[in-house]
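Comments concern the structure below.
Residues: numbered from 1 along the sequence shown. Nothing here was measured: the structure is a model prediction, and the numbers come from that model.
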Amino acid sequence: MFDVIIAGCGPTGAMLAAELRLHEVRVLVLDKEPEPASSFVRVVSLHTRSLELMAMRGLLDRLLEHGRRRPVGGVFAAIPKPAPEALESAYQLGIPQPVVDRLLGDHAADLGAEIRRGRALTGLDQDDEGVTVELADGERLRSRYLVGCDGARSTVRKLLGVGFPGEPSRTFTLMGEVEAGAPPEEISARVAEVRETTKAFDFRPMGAVYRVVVPDSGAGAEQPTVEDFRQALRAVAGTDFGVHSPRWLSRFGDATRLVEQYRVGRVLLAGDAAHIHPPAGGQGLNLGVQDAVNLGWKLAARIRGRAPETLLDTYHAERHPVAADVLANTRAQVELQSAGAVRALLTELMDLPEVNRYLIEKIIATGVRYDFGEGPDLVGRRLRDVELNRGKLYDRLHRGRGLVLDRTERLSAGGWADRVDVIADPAAALDVPALLLRPDGYVAWAGDRQQELDVHLARWFGEPG
């Protein structure tokens, strides 16, 4: 019997498996595909918050080797405004998705997660003690919990019967990477003309290929062909630019849907299985990875008997509103593509640093604040990678444990020392005397009193050992 079975070995499922293995949870990951995708070379953007999480787990340097840093200015609705001074150090990373899939899958496997590919989940049944899953070949497996990380068409979500309300697609778009036969200067001039009136259109060079974004009727098959792209380009731009030799092609709508519950008993949902939205701002993969890091330590704590049942309830309470905000901002970005006057006004407003920062932080997820109750503004927010007397903060979080960062040199983790580390550093770059950091990098408490700290240690990490 496993502690957790995860359906889906994409970035969300792999990251969750790794987080659970940091706490020695027995994990099985099932994926219906026999092999990881390798021909689908879509470039994705890892945003600032996701990159911070990767740094916390010692993965950032490996990702940086395969990606290209990009500024965060212009991420909201592709409005070309540089980032304000407060975000000058922030960046996003353009990286092929198969590389992200491989690195996170290898990370989970290196930590001891068992990954079985070519195994499709077709049934589930849960009781008070656990979950039984049935696979396409008739095999039945048992675990204490099941997490559906199996994408927008999630089998787990459908079998669970949880509501998935939202708005259907009203517009459709083709996106892909292709080679083009037309001369570059001719392409550049025509693209500039079309962009004047059609903000939902783009055709930009990405090395040896062009990244294409073009409005579509949505009448074709789910998997488009290069001829579909030619027809759409001729309709919008008056030319197909001689496109050929596609690297990848996709068709998507602007549907937005969010599950009513992230958890039903011993079954939980994460990533695209819990929420779908247009790709505006490139937030989907990031949202799923952040779901995984929020859930991982909580589920592990429950399995190891170190947390009350209510800790798992905070997963829905924290992540559902974040996803709702992403759905709202992606829908707004889609609307801004065709709302010329409103887009022009917003472009002017983004000259105000406060407005620009607020909108950028929606995309890069550094503006998220969970409701932990009363306390300084820092409580409920993620903590930046602060300088310590010896090194930097994120280097001390690789094991996925809680952390007390104490400038007073008077506090201790007491009976929670088996799951919470303490760094006593009077030189730490903090605006508070001390703080308690959860394993996902969010500040759970700030102050200077041991009695207060103990209350919050018990709240997040269970009874003392």
Side-chain angles (χ1 to χ4, degrees), residues 3 18-26 52-53 55-58 111 144 293-315 317-318 369-465:
D3 291 321
E19 291 294 292
L20 292 167
R21 284 301 304 155
L22 287 175
H23 303 281
E24 299 182 351
V25 171
R26 294 167 295 176
E52 290 178 343
L53 294 173
M56 290 178 196
R57 299 301 184 254
L111 289 171
R144 295 174 67 181
V293 178
N294 183 285
L295 173 60
W297 67 277
K298 297 173 180 177
L299 186 53
R302 183 60 188 161
I303 287 169
R304 293 178 64 82
R306 292 176 170 174
E309 179 74 16
T310 53
L311 183 64
L312 276 184
D313 294 333
T314 68
Y315 171 56
E318 292 172 5
R369 187 187 187 194
Y370 298 136
D371 183 7
F372 294 168
E374 296 183 0
D377 183 68
L378 184 63
V379 173
R381 298 188 184 277
R382 114 287 185 203
L383 186 63
R384 67 191 188 284
D385 192 10
V386 301
E387 295 284 349
L388 303 176
N389 187 38
R390 295 182 180 179
K392 302 193 75 172
L393 174 67
Y394 290 176
D395 292 335
R396 307 291 290 272
L397 298 172
H398 291 183
R399 295 191 296 166
R401 292 162 57 92
L403 177 72
V404 175
L405 182 52
D406 177 24
R407 295 177 61 215
T408 73
E409 300 183 285
R410 292 187 289 101
L411 303 178
S412 76
W416 295 270
D418 59 342
R419 67 209 87 154
V420 178
D421 296 323
V422 177
I423 299 177
D425 186 349
L430 294 178
D431 296 327
V432 293
L435 55 79
L436 172 63
L437 202 64
R438 304 193 319 183
D440 57 356
Y442 285 84
V443 178
W445 167 84
D448 60 3
R449 296 182 180 181
Q450 184 69 53
Q451 186 176 7
E452 289 182 3
L453 172 59
D454 289 349
V455 170
H456 289 273
L457 284 167
R459 175 184 178 184
W460 295 108
F461 298 96
E463 295 298 318

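With sequence neighbours excluded, no residue satisfies side chain to side chain donor-acceptor pair (under 3.5 Å) with Glu24. Every salt bridge (charged side-chain N to carboxylate O under 4.0 Å, His left out) that Asp377 has, sequence neighbours left out, goes to Arg369, Arg381. Residues forming a side chain to side chain donor-acceptor pair (under 3.5 Å) with Asn389 (at least two apart in sequence, or on another chain): none.
Between atom CG of residue Leu22 and atom CH2 of residue Trp297 there is a gap of 13.5 Å, rounded to the nearest 0.5 Å. In this structure, Asp406 CG and Glu409 CD are separated by 7.0 Å, a value rounded to the nearest 0.5 Å. Going from atom OH of Tyr394 over to atom CG of Leu403 covers 12.0 Å, rounded to the nearest 0.5 Å.
For the residue pair Ala428 and Leu388, the shortest heavy atom distance occurs at CB-CD2, 4.0 Å. The two residues Leu457 and Leu436 come nearest to each other via the heavy atoms CD2-CD1, 3.7 Å.
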Could you check Arg144 against Arg302 for side-chain contact (heavy atoms from CB on, under 4.5 Å), going step by step and ending with a plain yes or no? CA-CA 11 Å; Arg144 295 174 67 181; Arg302 183 60 188 161; over 6 Å; no
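Taking a 6.0 Å sphere around CZ of Arg396, one finds it holds 12 or fewer heavy atoms contributed by other residues, nucleotides or ligands.
Formation of a donor-acceptor pair under 3.5 Å by the Arg401 side chain with backbone atoms of Ala417 is found in this model. Of the possible polar contacts, one joining the His23 side chain to the Gly400 backbone as a donor-acceptor pair under 3.5 Å is found. Distance alone, capped at 3.5 Å, is enough to place a donor-acceptor pair between the Trp416 side chain and the Gly462 backbone.
Between Trp460 and Phe372, the gap from one ring centroid to the other is short of 6.0 Å.
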